[in-house]
Amino acid sequence: MLSGLQYAFEAVNKDAAAKVLMICSSVPKVFCAGADLKERKTMSPSDVQNFVHSLRSTFSYLEELYIPTIAVIEGAALGGGLEMALSCDLRICGENAVLGLPETGLAIIPGAGGTQRLPRLVGKSKAKELIFTGQKIGGRDAMSMGLVNYCVAAGEARAKALEIARDINQKGPLAIRMAKRAIDGGVELDMASALALEEDCYEQLLHTKDRLEGLAAFAERRKPNYTGQ
């Protein structure tokens, strides 16, 4: 499955027509429940290390995709499953969602980005509480702490994600890519460096056909027809 995910992410990254990636589960009541612990028991320490390294690498690749990504969470998103969702730009969950990083209960820590992405999202103190206790939380609590963007009725997460994706698709695709680059790259920088990055991203859009189309559409009171050029 991990190899398949990596292959899919690479295919999307090479597809110039791709605008938004949504990650959904085909299994009822489970987004992704994390590692198979029965399988893990048969693995040597080096096997585990190699697997977690691959997991971390795949999720980093997902995080760095040039288009917006949305995790559609219905049911359980635990351990590596939640870490995959944390690697996405947006997270939409149903009320039946159960989210958590239970690794400390197995005498390990989240190893695929959980200890780094969770505090950046919900704050250091709340992340420590969730990781130290291994607590599982529901969709409403996840939204209240900023872990997910929306919590909707069970079974409605995909519809909400599609609504957001369609809204994104109406915007200039080059602008969306540059906005993602500016936000992701700038958040770890000092303000002066971050503003310089924003300026660079903005300048790359100045001479695009899409920018001129946006101005023309506004003047003519019509929807713009963006081509990504």
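Sequence positions, counted from 1, serve as the residue numbers for this chain. Atom set for the values below is all heavy atoms of this structure, side chains included, hydrogens, waters and symmetry mates excluded.
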- Task: Starting from the C-alpha separation in whole Å, work towards a yes-or-no answer on side chain to side chain contact (heavy atoms under 4.5 Å, CB included) for Arg56 and His53.
- Result: CA-CA 5 Å; Arg56 189 182 303 116; His53 176 79; 4.0 Å; yes
- Can you check side chain to side chain contact (heavy atoms under 4.5 Å, CB included) on Tyr226 and Glu213, steps first, answer last? CA-CA 7 Å; Tyr226 294 125; Glu213 167 63 11; 4.2 Å; yes
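- Between the CG atom of Leu99 and the CG atom of Asp141 there is a distance of 10.0 Å, given to the nearest 0.5 Å.
- Enclosure of atom CZ in Arg158 is not indicated, since only 12 or fewer non-hydrogen atoms of other residues, nucleotides or ligands lie within 6.0 angstrom.
- In Tyr150, the OH atom is not crowded: 12 or fewer heavy atoms of neighbouring residues, nucleotides or ligands sit closer than 6.0 Å.
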Would you tabulate the side-chain donor-acceptor contacts of residues 70-77 under 3.5 Å, counting partners in other chains and residues two or more places apart, or write 'none'?
from, atom 1, to, atom 2, distance (Å)
Glu74, OE1, Gly155, N, 3.1
Glu74, OE2, Gly155, N, 2.9
Glu74, OE2, Glu156, N, 3.2
Glu74, OE2, Ala157, N, 3.0

- Item | Verdict with reasoning, Arg181 to Asp200, per side chain to side chain contact (heavy atoms under 4.5 Å, CB included) | CA-CA 10 Å; Arg181 181 185 162 200; Asp200 177 65; 3.2 Å; yes
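- Heavy atoms from other residues, nucleotides or ligands lying under 6.0 Å from CD of Gln204 number more than 12.
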- Task: Go through Thr69 and Val20 one step at a time and tell me if the side chain to side chain contact (heavy atoms under 4.5 Å, CB included) criterion holds.
- Result: CA-CA 6 Å; Thr69 55; Val20 180; over 6 Å; no
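- The hydrophobic cluster containing Met191 also includes Leu195, under a criterion of side-chain heavy atoms closer than 4.5 Å among ILVMFWY residues, counted directly or through chains of members.
- Across all non-hydrogen atoms, the minimal contact from Ile67 to Asp89 is O-OD2, 3.7 Å.
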List the atom pairs, donor and acceptor, that lie under 3.5 Å between side-chain atoms in residues 162-172 and the rest of the protein, sequence neighbours left out.
from, atom 1, to, atom 2, distance (Å)
Glu163, OE2, Lys160, NZ, 3.3
Asp167, OD1, Lys171, NZ, 2.7
Lys171, NZ, Asp167, O, 3.0

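- Without hydrogens or angle criteria, Arg91 side chain to Leu147 main chain gives a donor-acceptor distance under 3.5 Å.
- Tracing side-chain contacts under 4.5 Å through hydrophobic residues (I, L, V, M, F, W, Y), one never reaches Val152 starting from Ile23; they form parts of separate clusters.
- With contacts defined as side-chain heavy-atom distances shorter than 4.5 Å, the pair Phe9/Leu21 qualifies.
- Annotation: Tyr7, atom OH; neighbour count of heavy atoms from other residues, nucleotides and ligands within 6.0 Å does not exceed 12.
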